[in-house]
Structure formats: structure tokens, C-alpha cells
2 protein chains.
Amino acid sequence: MSRQPTPPQLLLENQLCFLFHRISRDLDAAYRPLLNELGLTYPQYLVMLVLWEQDGRSVGEIGQELCLDSGTLSPLLRRLQVRGLLERRRDPADERRVTLHLTRDGWALRRKARDIPESLGRKIVDDPAAYLQLHAQLTQIAERLEA
Amino acid sequence: MSRQPTPPQLLLENQLCFLFHRISRDLDAAYRPLLNELGLTYPQYLVMLVLWEQDGRSVGEIGQELCLDSGTLSPLLRRLQVRGLLERRRDPADERRVTLHLTRDGWALRRKARDIPESLGRKIVDDPAAYLQLHAQLTQIAERLEA
DNA sequence: CATAAATATATTGTGCACAATCTAATTGCA
DNA sequence: TGCAATTAGATTGTGCACAATATATTTATG
């Protein structure tokens, strides 16, 4: 039987990838109680961030911003629509496109979300300088992986 | 209407959390072609890593190692069993426990996985010193979030 | 010893992620 | 103009993640 000891690179504790995987789930769990009060999941919250920043974007534009395809976004957007947070309209200029438009309730939710980012940020790193350093380093890693 | 400009902390580009979310998915995508050749998904690969390191662990022990509950692990382990990579046995000493045991095929897969970690590691950071620094920083963040 | 509490795992239901496929609309070009 | 290629989005199917709940076994307690 091939029961040699496991080579060190196959040990879980040495793997950077698992740390990213794990932190991503930790963050999701940290967001959950806060977002529950807004009735949103984390990916739904991301879509709301994108629309709060610029309303009326299309499905494709949101997908590009969040690196998500229509298979993920279509049902997610339908749930936000059912909740009454946004409307979907066919773009008259290009009938293939569907644009999303926040409702009054969708805009109102922004006030309740205002304090979430800072609250979460503090859970990751305390020091603002470390925050910026890590942000820069991770941005570089993400872009490298997406290249 | 409440159409004040979005406060900066609600801007997607300023958020560390989204970077973690995004990198986690980028890594998943980077693993996919490599793991496809082994017929594994990334979470299945994590379970195999844990068992290669120490065979015969229980569902709960694996869950603790990977921070996963039985709702995720039960069906995942069943798929690995159906693939013939492991067997599940009721622990005779405690009939509530189910222990997992790699088959010959499960062990054989370790050889094919040997080069994956290094290949992935290089996609994240080139410099070994930077790898270690980031590993330490992320470990601290993960432990802080899980505290 | 009987039974209540705790523990280990499984099941169900919801939602995200992504590949593959499909439809409809638009664009390019011969 | 007419048709092929492209583009936008939706749908389907598989798998992960997690909350809530259920079941069976073990342990603790009176």
C-alpha cells in the first residue's frame, strides 16, 4: 500500500488557499446576523452595494462588477425583486438587456446598511494602516489570479 | 427620494471583505481544471487532504478540521464513497460515530495530487517569504474571526 | 436502574456558484 | 437585404454551505 508519510505541501495547515476559503466563510458568518436584519444574504448585499453606487445597471454590468454570471444573478435578482427592493425592465434601446432599478424600499435600505462595513472591517484588522496594506496586497493577488 | 451620494464605506472597491470573497472564488476556479483530472471538487479535495494526513477519522473530526458541519459533509462523503475513494464504517466503540477509511483508489489519488499545492501557491505569490508572511497574517485573521 | 441531557450524524430546505444549454435580439458582412 | 455570428439573459443540473430539525446512541443523574 502507498502509505508513505504525506509530503508537507499536501498538509492542510501549510495551505494558503484553505485560509482564503476559510476566511471567506468566516466573513460570511460574521455578516449573517447583521444582514439578517436587512433581510439580505451577502451576495444580495453585494448587488445592493453595486446598485446604490449606480442605479439602473444591467444584469451583465452587475455580473462584471461582482464576477458573477447570469446563472447566479438571475435567480438572485428575482428574489430581490420579489422582496420589492428593485424592478427589472427590458432596455428599450436593446431588448436583450435587462436593467435593474431600485425601489423606494431599495433605497431606504441603504441607511440601515451604513454602519455594516466599518463594523466588519474592525473584525478583520484594527489598524487602518494594516487595512490599507492588506487591501493593496489582496487587490494585487485577485488581479493576478484573474489575469 | 434618498439619493444622497453613497458614503465611501459602502463603495465596493473599498471593501476588504469582497476581496476575500472574490479571491476565494478565483482560487476555486484555479483549482478546478487541476482537480477535474482527479475527479474532485475543491471541498472534496480538502477532505482527501485531511484523510491522507490521518486516515480513519470520524465525520466530526473532519468537520472540525475544515470548519464544516454534517449538513455539508454527509452528502459530500457519500459522493466520495460512491466514487470508491473511501468507506464509511460505524465505530464499534461508539455506534454514533462514523469513521472514514481510504480505499486503495483513495490512496492512489495522493500521487496525482502531489504537485497541485505548489502549482497553486505560485499563482498566489511568487516570493516564498511573502507566502509565509501572508500565511501568518491570514492565520491571525482567521483565528480572530473565529474567536 | 430509569430517564433526562448531551452527542454524533443524517435529512430537509434555501440560497449561492458555475457549467452547459437554450432563446431571442442584435450586429456584421457578403 | 439576408443570413451567420455574436451577445444578453434565462434555465437546468450539480455541488457546496448552513440553519433547523430528526434520530439514534451514549452519558449523567436522581
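First the proteins, then the strands, lettered A, B, ... as listed; each starts at 1. Everything quoted here is computed from the prediction, not taken from an experiment.
Taking B/Glu146 as the reference, A/Arg22 meet the salt bridge (charged side-chain N to carboxylate O under 4.0 Å, His left out) condition, with sequence neighbours excluded.
Per the geometry, CG belonging to A/Leu27 stands 15 Å off P belonging to D/dA17, to the nearest Å. Computed from coordinates, the A/Glu95 CD to C/dT27 C1' distance equals 16 Å when rounded to whole Å. Between A/Leu66 atom CG and D/dG9 atom P there is a gap of 14 Å when expressed in whole angstrom units. Computed from coordinates, the A/Leu73 CG to C/dG15 C1' distance equals 13 Å when rounded to whole Å. What separates CG of B/Asn36 from P of C/dA19 is a distance of 10 Å, to the nearest Å. A straight line from CG of A/Leu80 to P of C/dT14 spans 17 Å, rounded to a whole angstrom. Between B/Arg83 atom CZ and D/dT14 atom P the separation is 13 Å, expressed in whole Å. We find that CZ of A/Arg90 is positioned 15 Å from P of C/dT23, with the value rounded to whole Å.
Within the 4.0 Å cut-off from OP1 or OP2 of C/dA10, at least one side-chain nitrogen or oxygen of B/Arg88 is found. In terms of phosphate contacts, B/Arg97 brings no side-chain nitrogen or oxygen within less than 4.0 Å of OP1 or OP2 of C/dA10.
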Inset, instruction - Assess whether side chain to side chain contact (heavy atoms under 4.5 Å, CB included) is satisfied between B/Val98 and B/Leu77, documenting all intermediate values. - result: CA-CA 11 Å; B/Val98 170; B/Leu77 291 167; over 6 Å; no

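Of the residues in residues 39-53 of chain A, A/Thr41, A/Pro43, A/Gln44 come within less than 4.0 Å of DNA chain C through at least one heavy atom, sorted by number.
What you find for A/Leu100 and A/Ser58 is that their closest heavy atoms are CD2-C, 3.9 Å. Nearest heavy-atom pair across A/Leu120 and A/Leu34 is CD2-CD1, 3.4 Å. Listed here is the closest heavy atom pair of B/Met48 and B/Gly106: CE-O, 3.7 Å. Nearest heavy atom pair, residue B/Pro117 against residue A/Leu10, reads CG-CD2, 3.6 Å.
Looking at which nucleotide of DNA chain C each of A/Ala93 and B/Arg78 is closest to, the 5′-most match is held by B/Arg78.
The environment of B/Gln140 atom CD is sparse: at most 12 non-hydrogen atoms of other residues, nucleotides or ligands sit within 6.0 angstrom.
Using cut-offs of 30° and 60° for the angle between ring planes, the B/Tyr31 and B/Tyr45 rings count as tilted.
Listed candidates were C/dT9, C/dT11, C/dA17. Nearest to the side chain of B/Val59 is C/dT9. Considering only side-chain atoms of A/Asp94, the nucleotide from D/dA10, C/dA10, C/dA25 that sits closest is C/dA25.
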Using a 3.5 Å cut-off and no angle test, enumerate the donor-acceptor pairs between side-chain atoms of residues 80-89 of chain A and protein atoms at least two apart in sequence or in another chain.
residue	atom	partner	partner atom	Å
A/Arg83	NE	A/Gly39	O	3.1
A/Arg83	NH2	A/Gly39	O	3.2
A/Glu87	OE1	A/Arg89	NH2	3.3
A/Arg89	NH1	A/His101	ND1	3.4

For residues 126-134 of chain B, which side-chain donor-acceptor pairs fall under 3.5 Å, sequence neighbours excluded?
residue	atom	partner	partner atom	Å
B/Asp126	OD2	A/Arg144	NH2	3.4
B/Asp127	OD1	B/Ala129	N	3.3
B/Asp127	OD2	B/Ala130	N	3.3
B/Tyr131	OH	A/Asn14	O	3.0
B/Tyr131	OH	A/Leu16	N	3.2
B/Gln133	NE2	B/Gln137	OE1	3.0

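Here the NE2 atom belonging to B/His135 is positioned 7.5 Å from the CD atom belonging to A/Glu13, to the nearest 0.5 angstrom.
In this structure, B/Leu76 reaches the sugar-phosphate backbone alone: every heavy-atom distance under 4.0 Å involves primed, P, OP1 or OP2 atoms, never a base.
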Give every pair of a protein N or O atom and an N or O atom of nucleotides 2-7 of chain D that lie under 3.5 Å apart, one pair per line with the distance.
residue	atom	partner	partner atom	Å
D/dT7	O2	A/Arg96	NH1	3.0

Strictly under 3.5 Å: I want the nitrogen or oxygen pairs between protein and nucleotides 18-21 of chain D, one per line.
residue	atom	partner	partner atom	Å
D/dC18	OP2	A/Arg25	NH1	3.0
D/dC18	N4	B/Gly71	O	3.3
D/dA19	OP1	A/Arg32	NH1	3.2

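Residues A/Leu102 and B/Leu12 share a single hydrophobic cluster, defined by chaining ILVMFWY side chains whose heavy atoms lie under 4.5 Å apart.
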